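To start, the structure itself, in C-alpha cells.
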Amino acid sequence: MNTTKRNAMSVDIFETTVTVTFANGKDLAIDTATLSPEIQRMAMMHGIKQKLVDAGAIARNTETGASASIDDKYAAVHEVYERLTSPNGTWNKQRGDGGEGKSTGGTNNLLIRALMQMTGRDKDYVDQFLSAKTKEQRAALKRNPRVVAIIAELQAAKAGDVDTDALLGELGAEPVEQVANVETGEPMVTPQLAMPAPKRARKAKAEVVA
C-alpha cells in the first residue's frame, strides 16, 4: 500500500539564524552570530566542504541530458570553486554569471525559501535546482499544495504582530474555514477566504434575530 511519507524535519535559514523544525511541531533555532569563534570556524569549514560536494551531486549533464561523467562533476565543482575564490567572490551565483543558467533570485525568493524549508537544502543548492527548470516548471512548483502551505506560513510570518484577520474583518470577510489535510490529518487553512454574505441575506438574517 502506498503511503505519503512526511519529512521528519526541515531546515530554514534566515539572516544569521538556522531553525530546524520537526514533524511534531517543535523547533530548535541557533543564531550563528552568538556562537564561539571556534564553532563559527568549524561551521565555515563544513559549509565550504558541503557547498563543493553539493555542486558535484549532479545526475546528468544539463546540456546533453546524458549521465554526468566525472568531468561533468569536476566542472560543476570548479565553477563554484572559481566563484568562491575570485577577488569579488560571491556565495551564490549572481544574475547573468557567465551567461549560464537562469537566475531565480528576487521574484522567486519565497519559492526558494519554501523549498529550503521543505528539503533541508541550502539556498545555493535550491537555486541551482530551480535554474535547471523551465519557467513553467517553476510556476507549477509554486502551485503545489505543500509548497503553497509553506509559502503562506512565510508570508504570514512577515506580517509580524499585525492582526490581519481583524483587518479583513473590517471588510466583512468571515474567518477562514479550518479543514483536515487529506494526507496528514492535520488542520489546515483553506486557500480562499469565506466571502461575506450578500447584503440581502445579511438583512434577512438580522430581521430573524430581531
Side-chain angles (χ1 to χ4, degrees), residues 7 9-21 27-142 144 147 150-151 153-155 157-158 160:
N7 290 329
M9 60 183 186
S10 60
V11 180
D12 182 38
I13 301 175
F14 183 65
E15 296 182 346
T16 62
T17 300
V18 178
T19 303
V20 182
T21 302
D27 60 63
L28 298 170
I30 295 179
D31 183 350
T32 57
T34 66
L35 299 176
S36 70
E38 175 61 15
I39 294 178
Q40 288 183 350
R41 186 185 73 83
M42 293 302 296
M44 177 183 68
M45 298 298 291
H46 176 76
I48 293 292
K49 180 198 76 172
Q50 197 62 46
K51 191 167 190 68
L52 295 174
V53 170
D54 284 349
I58 55 176
R60 295 187 177 279
N61 182 303
T62 56
E63 295 182 358
T64 66
S67 296
S69 66
I70 189 64
D71 289 333
D72 292 329
K73 292 177 181 291
Y74 172 81
V77 176
H78 189 265
E79 187 275 328
V80 174
Y81 163 83
E82 287 287 341
R83 187 172 72 246
L84 294 177
T85 59
S86 66
N88 298 312
T90 59
W91 184 255
N92 296 315
K93 180 180 292 187
Q94 301 300 297
R95 184 182 299 273
D97 261 3
E100 299 178 16
K102 300 176 286 295
S103 172
T104 58
T107 57
N108 288 312
N109 185 55
L110 278 174
L111 175 59
I112 292 175
R113 290 192 62 200
L115 294 178
M116 286 169 58
Q117 181 169 314
M118 179 184 293
T119 65
R121 297 287 191 176
D122 67 15
K123 183 179 185 299
D124 193 55
Y125 187 96
V126 174
D127 192 55
Q128 290 186 33
F129 166 80
L130 290 175
S131 294
K133 307 305 176 188
T134 65
K135 180 179 179 180
E136 291 73 19
Q137 287 174 318
R138 295 197 298 274
L141 275 173
K142 283 186 177 180
N144 179 279
V147 176
I150 297 176
I151 288 178
E153 292 177 3
L154 295 174
Q155 291 175 322
K158 286 186 176 181

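Since the model is a prediction, treat every value here as computed from it, not as a measurement. Along the sequence shown, residues carry numbers from 1.
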dist M118:CE -> T21:OG1 (nearest 0.5 Å) comes out at 13.0 Å
On a heavy-atom basis, the closest approach of R121 and V126 is CB-CG2, 3.8 Å
Exercise. Do T16 and D31 get their side chains close enough for a donor-acceptor pair, meaning under 3.5 Å?
Worked result: yes
Here the pair of heavy atoms bringing T32 nearest to V18 is CG2-CG2, 4.3 Å
Closest non-hydrogen atoms of V147 and L141, given as atom of the first, atom of the second and distance, are CB-O, 3.4 Å
Here the gap from R83 atom CZ to W91 atom CH2, rounded to the nearest 0.5 Å, amounts to 9.0 Å
- Query: Counting only heavy atoms not in I30, do more than 12 sit closer than 6.0 Å to its CD1 atom?
  - Reply: no
Between K51 and V80, the two heavy atoms sitting closest are CG-CG1, 4.0 Å
Scanning both residues in full, the closest heavy-atom pair of A76 with A55 reads CB-O, 3.3 Å
Output for pair (F14 CZ, K123 NZ), nearest 0.5 Å, gives 12.5 Å
Rounded to the nearest 0.5 Å, the CG atom of L130 sits from the NZ atom of K135 at a distance of 14.5 Å
Between S69 and D72, is there a side-chain donor-acceptor contact under 3.5 Å, judged purely by atom types and distance? yes
inquiry  = Please determine whether side chain to side chain contact (heavy atoms under 4.5 Å, CB included) holds for the pair M45 and R41, giving the CA-CA distance in whole Å, both sets of side-chain angles, and the decisive distance to 0.1 Å.
reply    = CA-CA 6 Å; M45 298 298 291; R41 186 185 73 83; 4.3 Å; yes
Query raised in the report: If only atom types and distance count, is the side chain of R113 paired as donor or acceptor with the main-chain N or O of D12 below 3.5 Å?
Result: no
- Query: Taking C-beta and beyond as the side chain, do V20 and D27 meet within less than 4.5 Å on heavy atoms?
  - Reply: no
CD1 of I112 to CD of Q117, rounded to nearest 0.5 Å, is 14.0 Å
Taking every heavy atom of T119 against every heavy atom of L115, the minimum-distance pair comes out as OG1-O, 2.7 Å
Side chain to side chain, I58 and K73, heavy atoms closer than 4.5 Å: yes
Rounded to the nearest 0.5 angstrom, the CD-OH distance for E79 and Y74 is 12.5 Å
D122 meets the salt bridge (charged side-chain N to carboxylate O under 4.0 Å, His left out) criterion, sequence neighbours left out, with none
